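Computed from a predicted model, the values in this text were never measured in an experiment. Computed over heavy atoms, backbone and side chain alike; hydrogens, waters and symmetry mates excluded.
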Amino acid sequence: MTVVLLHPFPLDARLWHEVSALLGRDDLVIPNLLGCGGRDVSSEPPSMAALARDVWAQIDGHPSRVGERHRDDALRPAGAVFGDAFGGV
């Protein structure tokens, strides 16, 4: 099961590096969102849909998912955890 850790704005994927080291999973995807972590902003207007498409592209390109591709009709998240940028969950 692929696990995706998203960082809040204006931080970047470095937020999760200690957590990823502790988890030691090969199927972690920790993307830098558009405009963060040295990434350029999208050419399309900012929206949640644009961010979601970009995150999916990064998930699909992750080495743990080579040969797989998501299907919109097969999206079944196993769960979600929401936390704040200051370490609270």
Q: Output, in order, the C-alpha distance, side-chain angles, deciding distance and verdict of side-chain contact (heavy atoms from CB on, under 4.5 Å) for Val4 and Ile59.
A: CA-CA 8 Å; Val4 181; Ile59 292 169; 3.4 Å; yes

Q: Of all the heavy-atom pairs spanning Ala13 and His17, show the shortest one and how long it is.
A: O-CD2, 3.3 Å

Q) What are the two closest heavy atoms between Arg39 and Leu33, and how far apart are they? A) NH1-C, 3.9 Å

Q. Going through the distances and angles, do Leu28 and Asp26 end up as a side-chain contact (heavy atoms from CB on, under 4.5 Å)?
A. CA-CA 6 Å; Leu28 276 178; Asp26 292 333; over 6 Å; no

**Q.** Main-chain N/O of Asp12 paired to Asn32 side chain as donor or acceptor, under 3.5 Å
**A.** no

Q. Can you name the closest pair of heavy atoms from Val29 and Gln58 and give their distance?
A. CG1-O, 4.2 Å

(Q) Check for me, please, whether Val3 and Leu15 land in the same ILVMFWY cluster - side-chain distances under 4.5 Å, paths through other members count. (A) yes

(Q) Please check this pair: side chain of Trp16 against backbone of Ile30, looking for a donor-acceptor N/O pair closer than 3.5 Å. (A) no

Q.
Using every non-hydrogen atom in the two residues, find where Ala50 and Pro45 come nearest and quote the distance to one decimal.
A. CB-O, 4.2 Å

Q. More than 12 foreign heavy atoms under 6.0 Å from CZ of Arg14: is that the case here?
A. no

Q. Are any of the side-chain heavy atoms of Pro46 and Val41 separated by less than 4.5 Å?
A. no

Q. Do Leu11 and Cys36 touch side chain to side chain, with heavy atoms closer than 4.5 Å?
A. no

